[in-house]
Q: 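Quick one: the structure is below, and I'll ask about it shortly.
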Amino acid sequence: IGLLRSLIEKLKGNPPQGRLAIDLPRILSDDARGTLGDDLTIVLRDGDRLVIPPKSNEVTVMGEVHYPASHLFMTQKSLEDYINLSGGYDTASDSEKIYVVKANGQVVPRKATYPFGTSWFHLTDEIDIRPGDTIVVPMAVDHVAPLTLVKDVAQIMFNLAVTISAIKTAGVGL
C-alpha cells in the first residue's frame with residue numbers, strides 16, 4: 001500500500017505532457033496541402049512548442065527483459081528479435097501486452113489473434129519496427145503482489161537485523 005501511495009503522489013506532482021503525435025512527413029507532403037482538408041490541420045495555441053527529436057538509428061527495449069538496452073536498428077529484425085537481443089523475457093513479463101512507442105510518439109499495441117479460440121496456439125500480428133522506436137515489455141500484474149510481499153518481508157528482516165546489531169553494539173543484553 002505504501003508503494004501505491006508513493007506512486008500516486010509522484011503522479012500528482014507531474015503535470016500532463018499534452019503531447020500530440022503527428023505524421024509530419026504526411027502533413028508536409030504535396031498531397032496534404034489543400035487536398036486532405038482539415039483532417040491534418042493543427043492549431044497551435046500560446047505556449048505550444050513544436051519539437052522534432054533528432055533522428056535515431058537505434059531501437060530501445062525496456063521493461064521486463066533481462067537486459068534493457070538500445071540496439072542498432074537492423075532492417076531484418078523483428079520485435080521478437082530485439083527482445084531476444086535484450087536477453088529475452090524476464091520471469092515477471094507479460095508478453096501478451098507488449099507495445100511499441102513509435103518515434104513519432106504514437107503507441108502501437110501488439111495484437112494477438114486466436115484462430116481456434118485458445119491462447120496456446122495463436123498468430124501474432126507483427127509490428128513494423130523502425131529506427132527510434134521503443135519496445136515496452138510490461139510487468140504481469142499477477143507478479144506485483146508477490147514481489148511486493150517479498151520486498152516488504154526483506155525490509156522488515158533488514159530493519160530487525162539493524163536493530164539487533166545496534167542493541168548488541170550498545171551493550172544491552174538480549
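The first residue of the sequence shown is numbered 1, and numbering continues consecutively from there.
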Q: I need the minimum non-hydrogen distance between Ser93 and Val137, along with the two atoms involved.
A: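 Looks like CB-CG1, 3.6 Å.
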
Q: Do Tyr89 and Val61 sit in the same hydrophobic cluster, where Ile, Leu, Val, Met, Phe, Trp and Tyr count as joined when their side-chain heavy atoms come under 4.5 Å apart?
A: yes

Q: For Tyr99, does the OH atom have more than 12 heavy-atom neighbours from other residues, nucleotides or ligands under 6.0 Å away?
A: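 No, the 6.0 Å shell around OH holds no more than 12 heavy atoms from other groups.
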
Q: Applying side chain to side chain donor-acceptor pair (under 3.5 Å), which residue pairs with at least one partner in residues 48-67 are found, sequence neighbours left out?
A: Thr60-Ser70

Q: Decide whether Asp81 and Ser78 meet the rule of one side-chain donor and one side-chain acceptor closer than 3.5 Å.
A: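 Their side chains do contain a donor-acceptor pair, which is all the 3.5 Å distance test asks for.
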
Q: So, taking the atom named OH in Tyr82 and the one named NE2 in His71, what distance separates them when rounded to the nearest 0.5 Å?
A: 8.5 Å

Q: Could you state whether Met139 and Val101 fall into the same hydrophobic cluster, counting links through intermediate Ile, Leu, Val, Met, Phe, Trp or Tyr residues with side-chain heavy atoms under 4.5 angstrom apart?
A: no

Q: Using side chain to side chain contact (heavy atoms under 4.5 Å, CB included) as the criterion, list what pairs up with Leu79, not counting sequence neighbours.
A: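 In terms of side chain to side chain contact (heavy atoms under 4.5 Å, CB included), with neighbours along the sequence ignored, Leu79 is linked to Ile83, Ile98, Val100, Arg110, Glu126, Ile127, Ile129, Ile135.
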
Q: Quick one, Met74 and Leu85 - any side-chain contact, counting heavy atoms below 4.5 Å?
A: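 Of all side-chain heavy-atom pairs linking Leu85 with Met74, at least one is under 4.5 Å.
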
Q: Using every non-hydrogen atom in the two residues, find where Ser86 and Ala69 come nearest and quote the distance to one decimal.
A: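 For Ser86 and Ala69, the tightest heavy-atom pair comes out as OG-N, 4.0 Å.
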
Q: Indicate the atoms forming the closest heavy-atom contact of Gly63 with Pro68, along with that distance.
A: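 For Gly63 and Pro68, the tightest heavy-atom pair comes out as O-CG, 3.9 Å.
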
Q: For atom NZ of Lys102, is the number of surrounding heavy atoms from other residues, nucleotides or ligands below 6.0 Å larger than 12?
A: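 Yes - once you tally the heavy atoms of other residues, nucleotides and ligands closer than 6.0 Å, there are more than 12.
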
